[in-house]
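All chains are named by letter (A, B, ...) in the order of the sequence lines, taking the proteins before the strands, and each is independently numbered beginning at 1. The model shown is predicted, which means the values in this text are computed figures rather than measured ones.
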Number of protein chains: 2
Amino acid sequence: MSGSRPTIEDVARVAGVSRATASRVINDAPGASDLLRRRVTQAIADLGYRPNETARALASGRQRTVDLIAVIDNPDLALGAHPYYSRVLAGVVTALETVNVQLRIQVVAEEDAAGRIDTIAADLTVGAILANATPDLATQLQHRSRKVVSLVPTAPSVPVVEADNAGGAYAAVRHLHSLGRRRIAAIHGPDLNTCSIARRSGYRRAINAFKLRDIGTAGGFTREGGHAAALRLLDEHPDIDAMFVACDLMAAGAIQAITATGRRVPEDVSVIGFDDNVVAICTNPPLTTMRLPTEEMATAATRMLLTGTVTPGHRERFTVELVERDSTSEVG
Amino acid sequence: MSGSRPTIEDVARVAGVSRATASRVINDAPGASDLLRRRVTQAIADLGYRPNETARALASGRQRTVDLIAVIDNPDLALGAHPYYSRVLAGVVTALETVNVQLRIQVVAEEDAAGRIDTIAADLTVGAILANATPDLATQLQHRSRKVVSLVPTAPSVPVVEADNAGGAYAAVRHLHSLGRRRIAAIHGPDLNTCSIARRSGYRRAINAFKLRDIGTAGGFTREGGHAAALRLLDEHPDIDAMFVACDLMAAGAIQAITATGRRVPEDVSVIGFDDNVVAICTNPPLTTMRLPTEEMATAATRMLLTGTVTPGHRERFTVELVERDSTSEVG
DNA sequence: GATAGGCGCGGGAGCGCTCTCACGAGAAGC
DNA sequence: GCTTCTCGTGAGAGCGCTCCCGCGCCTATC
């Protein structure tokens, strides 16, 4: 009657049934006759009733919420500055579109992660998706009996939906090799980052397979780092004719550096990146890169949580595919 | 005693006080003596107690949650593809870092928005931040007695934290003019987008003030649109010596198009963008652009919600500043 | 026709917390 | 010494829902 939101009690009263029966209908639970089911459905429609999710969560002891936990390990590559997290978010949102589950975001700096475990693990939710988590955080959250899926390999017991970073890096070098490039340098990511490590090992495997020279330096996954790394490489090895760059952001910096030395991309130095995010279409020339299916991975991880099919140690691996644009070409 | 989480009842029992007193201490409410306050604090520490936020929300009728509502009006510029949303997210997270308020994300396609109002407005939260909302959605949410702040102008009654888009566009053209550029074309955004409209009006005002010719076309806020628009402009007006581009993504496409016609950026055609997101540092050459203080705006909007200082019709305007990089230069 | 089994339904006890209200003790005023 | 006021404290009633349990009816079985 009042202006406040109708409750299940109102629905029951209008339908002439008990609260329990109304609840059965609302939750599609068995034990209600078709007749009452129709009456309740009608009452819900008439009143414009929507269940109070908070009360549901309290009474049932489980929340219809998925957590996306983003661990920021480098302030320069935080949320606002890095396209990775928005792709993850997009993927999670896709999986959540059709189900009545809410999305909660928790962003935590790597150094604060340990101290904030309590807060992060506070509520009993459907589960948590870990973007870029450390093994420590991942295992601790898992031990708090939380359903957890990581998007990068952490500890062996933590379920993971990962990309074939090593295979992708190998394929990148193979592509450059197939174009006739023979002096293929690499700009790697941070030494401790698991994705970075896998990409480096894929590069090395390819270098060995094709009997090329291993020329590499680190770029820290930032544009500035990629820029500086490319200048170093060109200075020390002026005859480089291709670069494998472990992420698009660094590749953007590398292209700028290469053209600044008077060389042409792709003719003099071909560049191949890794990620295929928004940056890849914005470089000049547009970047040939290895596409990380980040959205698809995040969607898959979320679905695992929703269907409850996460088991300790579960691994799912997505392939990384070549996307050809204009930063690579055959040697003239 | 059991393995389950301690409740306020446990705290009260251990401290030898009532549940009410324990609650007072937990919520820093007045009406508890220092002695009992210490006893309760100690009990909380001993038990490792953390309040159940769900129960709190149900009992108090308000949730310690802020909603970030992202309306996607163009599938090509969705979450994963556009750096805007991640900057907003970063800004909101900053404001939420020090307070115990959770962040919930709701992403909704523009065409679904009307039908999903119920879901969006479902719970009584601290408030909602609207990224890119339509006037309809904004007013409807506001009428449901929700605290709402928009990041773009919507309806007059809806509080807004906006950027001085018109002023920024004016300043961009003024900068090009001060570099000696006199044939300054524009690539505008979508006709219906409020930001886009403001930027276009700022451009026109400047064009009139400096007695230049108004040459403009639409680019739809996408890289592809910017690319195509630049080609059209150069084809119809080959003597253009500068471009004001209403967003960085389009500017990236424009730079690619300009160099593809054999012209040099910035010497032959200077380009100035708008936004200053990650794309701006990745173009080649790096993009001179008008910095939209998106993070700061989102932080301010969130703080308004947290402090409860949102009043209908409230407007806050942030200035847009020039960031000089290498895509603009004086006429040779 | 008596007993057993199945099933639709409602009663009622909680989930963990907040918040109002009443109570009692001590301080202050006459 | 009485009333009045203040203030710390606890009892208890919810918030809106879920879910267990038990009742009563109907059908099946001998």
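Residues satisfying the salt bridge (Lys or Arg N to Asp or Glu O under 4.0 Å) criterion with B/Glu9, sequence neighbours excluded, are B/Arg19. For B/Ala163, the side-chain contact (heavy atoms from CB on, under 4.5 Å) partners at least two apart in sequence or on another chain are B/Asn165, B/Leu292, B/Met297, B/Val320. Qualifying side-chain contact (heavy atoms from CB on, under 4.5 Å) partners for B/Thr41, counting only residues two or more places apart in sequence or in other chains: B/Val25. Residues forming a side-chain contact (heavy atoms from CB on, under 4.5 Å) with B/Asp73 (at least two apart in sequence, or on another chain): B/Glu110, B/Asn132, B/Asn193. Residues passing the side-chain contact (heavy atoms from CB on, under 4.5 Å) test with A/Ser33, sequence neighbours excluded: A/Leu35, A/Leu36. Residues satisfying the salt bridge (Lys or Arg N to Asp or Glu O under 4.0 Å) test with B/Arg37, not counting sequence neighbours, are none.
Along DNA chain D, the stretch of nucleotides lying under 4.0 Å from any heavy atom of chain B spans, 5' to 3', D/dG8 to D/dG16.
The stretch residues 298-314 of chain B participates, sequence neighbours left out, in these side chain to side chain donor-acceptor pair (under 3.5 Å) pairs: B/Thr307-B/Thr309, B/His314-B/Glu316. Applying the salt bridge (charged side-chain N to carboxylate O under 4.0 Å, His left out) rule to pairs touching residues 38-59 of chain B yields B/Glu53-B/Arg56, sequence neighbours excluded.
Atom CG in B/Leu58 sits about 12 Å away from atom P in C/dC19, given to the nearest Å. Regarding A/Asp34, its CG atom lies at a distance of 12 Å from the C1' atom of C/dG8, rounded to whole Å. Separating the CD atom of B/Gln63 from the P atom of C/dT18 is a distance of 14 Å, rounded to the nearest angstrom.
Listed pair A/Thr21 / C/dG10 meets the phosphate criterion, a side-chain N or O lying under 4.0 Å from OP1 or OP2. Contact between the side-chain N/O atoms of B/Ser60 and the OP1/OP2 oxygens of C/dC19 is not found at any separation under 4.0 Å.
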Interface polar pairs with nucleotides 22-24 of chain C, N/O, under 3.5 angstrom:
none

Which protein N or O atoms sit under 3.5 Å from an N or O of nucleotides 11-13 of chain C?
unit_1: C/dG12; atom_1: N7; unit_2: A/Arg19; atom_2: NH2; d: 3.4
unit_1: C/dA13; atom_1: N6; unit_2: A/Arg19; atom_2: NH2; d: 3.0

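In the region residues 35-46 of chain B, proximity to DNA chain D at under 4.0 angstrom, judged on heavy atoms, holds for B/Leu36.
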- Taking it one step at a time, do B/Val148 and B/Val310 satisfy side chain to side chain contact (heavy atoms under 4.5 Å, CB included)? CA-CA 8 Å; B/Val148 158; B/Val310 286; over 6 Å; no
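Here A/Ala57 lies out of heavy-atom contact (under 4.0 Å) with every strand. Residue A/Ala32 is classed as a sugar-phosphate contact, given heavy-atom separations below 4.0 Å to backbone atoms only.
Looking only at distances, no side-chain donor or acceptor of B/Glu162 sits under 3.5 Å from a matching main-chain atom of B/Phe318. The main-chain N or O of A/Ile69 is never found under 3.5 Å from a side-chain atom of A/Asp67 such that the two would form a donor-acceptor pair. A/Thr154 contributes no side-chain N or O that, together with a main-chain N or O of A/Ser150, makes up a donor-acceptor pair within less than 3.5 Å.
Side-chain contact between B/Leu96 and B/Leu306: present, with at least one pair of heavy atoms (C-beta onward) separated by less than 4.5 Å.
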